[in-house]
Protein chains: 2
Amino acid sequence: MQSRQPSRRVTMTDVARAADVSPMTVSYTYNRPQRVAAETRDRVLRAAQALGYAGPDPSARSLRYGATRTLGVVLGEHLTYAFDDPQAVAFLAGIAEVCAERGYGLLIVPTGTGEEDPDRVTAAAVDAYVIWTTTADDPVLAAAGSTHRPVVVHSGPDRAGTTVIGIDNRAAARAAGLEVFATARRPAVLSFPVDRRRESFVRSGVDPDTVAYPVTRDRLAGYRDAALDLGLDWSEVPVGVCRTNDVAEARTVMRELFAVAPGIDAVAAMGDTLALAALSETTGPLRVSGWDDSELARDNNLTTVAQSLREQGAACAAAALGESAPDHRDSWRLIRRSSTVGAGTRPAPAVVQRMALPPVTGTTAPEM
Amino acid sequence: MQSRQPSRRVTMTDVARAADVSPMTVSYTYNRPQRVAAETRDRVLRAAQALGYAGPDPSARSLRYGATRTLGVVLGEHLTYAFDDPQAVAFLAGIAEVCAERGYGLLIVPTGTGEEDPDRVTAAAVDAYVIWTTTADDPVLAAAGSTHRPVVVHSGPDRAGTTVIGIDNRAAARAAGLEVFATARRPAVLSFPVDRRRESFVRSGVDPDTVAYPVTRDRLAGYRDAALDLGLDWSEVPVGVCRTNDVAEARTVMRELFAVAPGIDAVAAMGDTLALAALSETTGPLRVSGWDDSELARDNNLTTVAQSLREQGAACAAAALGESAPDHRDSWRLIRRSSTVGAGTRPAPAVVQRMALPPVTGTTAPEM
DNA sequence: CTGTTAGCGCCTTCAG
DNA sequence: CTGAAGGCGCTAACAG
């Protein structure tokens, strides 16, 4: 049985009237219970109970406070795909951890339509943003920046006014490249998409600077560094770009790579899945490295770059909420396994090699 | 370089002044651009740009509208663990999908402290809640209900005033039980925790009605149904309760089960992980069924109950946002594989068997 | 320990 | 096509 009709929502004033106090006393009862006499407090709470008042209205409160105690997260053009990516989920888990600790809500901004995404970012009732890595020209970045709220971007791009947090992808890729290309005569790279069109193709000597996604750009640059270090000619290193991060796609691209450059004997891949697909397509011996140290990598003895997306998520959240030095570069390590160590290549001290870290990258210049 | 000092935040009125129009015209410019002369609109937008105004303040807007266009999600006592559970992640993905479509924000309520959880639920600026299954006495349920906003609970409990969406766990468990116990002499059950204390133990003849978690309760009841159907004595069926959903824990419990009841020859497990742990602990032949049809189940030919948490998440979100019949019971199917079909047990038509579904369960009684 | 006043930033309503 | 008044529900700042 319902009690009242369309029943206007119950407000503090209603409760105040019923308890025969002023609205302020009701407010205090909820916000600083100490400041109210126990008896009065009880009376207020009883009145609230009777009227079905559930506490101060969150929107009104936010308006008054000028803050929402909510952190906004933008997970990329296709929010929905983000949940299929274990790395993105780990990242989100890290954010959630920090939010739960601090009592902040975690608002996932509903992106995916393209068109309206910037407006949705702008219209989100949040105090700060964490943005999953994207291209420099993503309008979502500009939208977040335009709100004058703190913005932390994971792994770049490094726009003015935003903080960037992530590992040094270039250095990590270089380390992986040195390992996987060490004895190679015909090295190749398996890459993530280079821009938002997400096309797959195979081409040699790709210039990292033409790549829109900063993560992809940096890793590519790192592989090139390694190739140069080893005296290899980058212009002859074919790069296979995979449209999506899955086995089928990677296999197709690998076949194209082998067609273009028969005799490929080393593949530096930007993901463990891609790396294993490469292995499954080869007929001859192949040195391979992956990225992320997923369970797959462990199960298949894949050399890989390990990083903690969870920690990076936590760091992003903390930075966005202004509770940590925004100068933060996360750590990574190259895990050497038999996919590069065994098989007639120079044996190696195996296992883990920790890399020293340069200090900082993030900028916090508040405004242009 | 910053332009202004502490700089009070820019408001519509400021923009109005700068553009020499009334605040209402600025409001219209953002909310009903059509209604404003193109020239005026441009002037307003230019003024906004110049002042760094990023559009209407979300909190003020919500206060005025009386709605937030945000859906609240409560993922359980330990928000952080939720991201380690692939099923919970799939559920969240389904919610996110619906939210993204409709342009609703998805607010993850920061639970985990116990103490403050109900307050955090109450104080969330959302229009409706989706709550991941919990116990009937979870204060979070009461808190959500007290706000008079729509509440959808996944898989129960079925509190007055809330809608419940999920599969018929009891029927599914019965089907699985009939399959796995078919030829059994010494059946056993591997269960999730029975209450929020989450203790592990082994005991026979557990009464499902004493179990606090509705999912666990229903599955247990279904296994009991199957046992009774098969003429087995439930009071002699040992139930091993695992504190957590992981291999190590399940193995320990399995060892205890074998100690208490040597010769166990069939195990109905509430999760694929538990099921595989059971297999890894047995020495003799063992029929086993799992739950969720994870990749693990597929790779190991495990008979299992398949369901789509993603679809259930989407259904919960749609129901919470009032855009679907709140009468919804999702489908499941028993997938028979060699973990129950091979090995000297009666062979069977293998593969998939679709089950007919009863219609509804959710109630929408708004209030007691 | 409690009350008064004022206003957070916006948009609905109703006039021009 | 534009504007004036009023109030959404709450709390800071200051009395008393």
Self-check item: Presence of R64(A) side-chain N/O under 4.0 Å of dA12(D) phosphate oxygens OP1/OP2
Solution: no
Quiz prompt | Touch class at under 4.0 angstrom, heavy-atom based, for R32(A) against every strand present | solution = sugar-phosphate
Exercise. Please report, rounded to the nearest Å, how far the C1' atom of dC1(D) is from the CD atom of Q34(B).
Key: 13 Å
Self-check item: S62(B) vs dC10(C): side-chain N/O to OP1/OP2 distance below 4.0 Å
Solution: no
Quiz item: For dG9(C), does OP1 or OP2 lie under 4.0 Å from any side-chain N or O of R61(A)?
Solution: no
Quiz prompt | dT4(C) phosphate, OP1 or OP2, under 4.0 Å from S22(A) side-chain N/O | solution = no
Practice problem: Flag the pair R159(A) and D137(A) as a salt bridge only when some basic side-chain nitrogen lies within less than 4.0 angstrom of an acidic carboxylate oxygen. | Solution: no
Exercise. Take the angle between the ring planes of Y53(B) and Y30(B) and call it parallel below 30°, perpendicular above 60°, tilted in between.
Key: perpendicular
Quiz item: From dT2(D), dC10(C), dA12(D), pick the nucleotide closest to the side chain of Y65(A)?
Solution: dA12(D)
Quiz item: Under a 4.0 Å N-O cut-off, is there an ion pair linking D84(A) with R310(B)?
Solution: yes
Quiz item: Roughly how many Å is it from CZ in R69(A) to P in dT11(D), rounded to a whole number?
Solution: 14 Å
Self-check item: Contact nearer the 5' end of DNA chain C, comparing L63(B) with M24(B)
Solution: L63(B)
Quiz item: OP1 or OP2 of dG3(D) less than 4.0 angstrom from a side-chain nitrogen or oxygen of T25(B), does that happen here?
Solution: yes
Quiz item: Is a donor-acceptor contact shorter than 3.5 angstrom present between the side chain of R35(B) and the base of dT2(D)?
Solution: yes
Quiz item: Would you say D20(A) has more than 12 foreign heavy atoms packed within less than 6.0 Å of its CG?
Solution: no
Quiz item: Once you round it to whole Å, what is the distance between P of dC8(D) and CG of D57(A)?
Solution: 12 Å
Quiz prompt | Value in whole Å for how far the C1' atom of dT2(C) lies from CG of N31(A) | solution = 15 Å
Practice problem: Tell me, with the steps shown, if T68(B) and D127(B) meet side chain to side chain donor-acceptor pair (under 3.5 Å). | Solution: CA-CA 6 Å; T68(B) 59; D127(B) 294 341; 2.8 Å; yes
Quiz prompt | Residue-phosphate contact under 4.0 Å: T40(A) side-chain N/O, dT2(C) OP1/OP2 | solution = yes
Quiz item: Touch check for Y30(A), heavy atoms < 4.0 angstrom, all strands: base, sugar-phosphate only, or nothing?
Solution: nothing
Quiz item: Among dG3(C), dG3(D), dC10(C), which is the nearest nucleotide to the side chain of V21(B)?
Solution: dG3(D)
Self-check item: Between P of dT2(C) and CZ of R17(A), the distance in whole Å
Solution: 19 Å
Quiz item: With respect to the phosphate group of dC10(D), does any side-chain polar atom (N or O) of T11(A) fall under 4.0 Å of OP1 or OP2?
Solution: yes
Exercise. Respond yes when some side-chain nitrogen or oxygen of Y28(A) is under 4.0 Å from OP1 or OP2 of dC10(D), and no when none is.
Key: no
Quiz item: Given atom CG of D20(B) and atom P of dC1(D), what is their separation to the nearest angstrom?
Solution: 19 Å
